[in-house]
Novice: 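Dumping the structure here so I can ask a few things about it.
This chain uses plain numbering: 1 for the first residue, then up along the sequence. In this text the structure is predicted, and so the values were computed from the model without any measurement. All values below were derived from every heavy atom in this structure, side-chain atoms included, with hydrogens, water molecules and symmetry-related copies excluded.
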Amino acid sequence: MTATAINWADMPLFAGRTAGLPFQKHSRTSILAAGRAVNGANTARERVYQVIAEHPEGVTDMEIQEILGMSGDTERPRRIELLDAGRIQAVGSKAVKRPGKRDRVATTWGVT
């Protein structure tokens, strides 16, 4: 007898609860966690957007993280969501100095 994985995302109780946040379809816990994170993600996304809007010259991910005191693991997905939604765009690049690491070129982001 083989077990069939349940696709929890197809269950009516969970329909539409994750608002586009990533989750594992086979995991009830993952879907519930994504559902609980929706409000926080919306707030973080708008905070990221506000920083970008306040810097018409463009701002890098690292600068956004420093301004908001937000980790890259939180900031980058919210910035990608804004990019995918067409609310921001790449507007240029600049050299970024990182302590103890090689300098690099980073993309700057601006509103559309």
Novice: Would you please name every residue forming a side-chain hydrogen bond (donor to acceptor under 3.5 Å, both in side chains) with T112, sequence neighbours left out?
Specialist: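 None.
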
Novice: Can you tell whether the side chains of R78 and E75 come within less than 4.0 Å, N to carboxylate O?
Specialist: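 Result for this pair is no, no salt bridge flagged.
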
Novice: Not counting sequence neighbours, list each pair that qualifies as a salt bridge (charged side-chain N to carboxylate O under 4.0 Å, His left out) and has a residue in residues 102-112.
Specialist: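 Passing the test, one end in residues 102-112: K97-D103.
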
Novice: Is there any salt bridge (charged side-chain N to carboxylate O under 4.0 Å, His left out) pair reaching into residues 55-71, and which pairs are they, with sequence neighbours excluded?
Specialist: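 Every salt bridge (charged side-chain N to carboxylate O under 4.0 Å, His left out) pair that includes a residue of residues 55-71, provided the two are not neighbours, is D61-R79, E63-K94.
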
Novice: Go through the structure and list residues passing side-chain hydrogen bond (donor to acceptor under 3.5 Å, both in side chains) with T108, not counting sequence neighbours.
Specialist: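 By the side-chain hydrogen bond (donor to acceptor under 3.5 Å, both in side chains) rule, T108 matches no residue at all.
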
Novice: Identify the heavy atoms of G58 and V91 that sit nearest to each other, and give their distance.
Specialist: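 Closest pair (atom of G58, atom of V91, distance): CA-CG2, 3.8 Å.
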
Novice: What's the shortest heavy-atom distance between G72 and P77, and which atoms?
Specialist: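 Scanning both residues, the minimum pair turns out to be O-CD, 3.8 Å.
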
Novice: How does the hydrophobic cluster around Y49 look, that is, which other residues are in it when side-chain heavy atoms under 4.5 Å mark a link?
Specialist: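 When side chains under 4.5 Å apart are linked, the cluster holding Y49 also contains V48, V51, I52, V59, I64, I67, L68, M70, L82, L83, I88, W109, V111.
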
Novice: For R87, give me all partners under salt bridge (Lys or Arg N to Asp or Glu O under 4.0 Å), at least two apart in sequence or on another chain.
Specialist: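 By the salt bridge (Lys or Arg N to Asp or Glu O under 4.0 Å) rule, R87 matches E46.
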
Novice: Go through the structure and list residues passing salt bridge (Lys or Arg N to Asp or Glu O under 4.0 Å) with D73, not counting sequence neighbours.
Specialist: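 Per chain and number, D73 pairs via salt bridge (Lys or Arg N to Asp or Glu O under 4.0 Å) with R76.
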
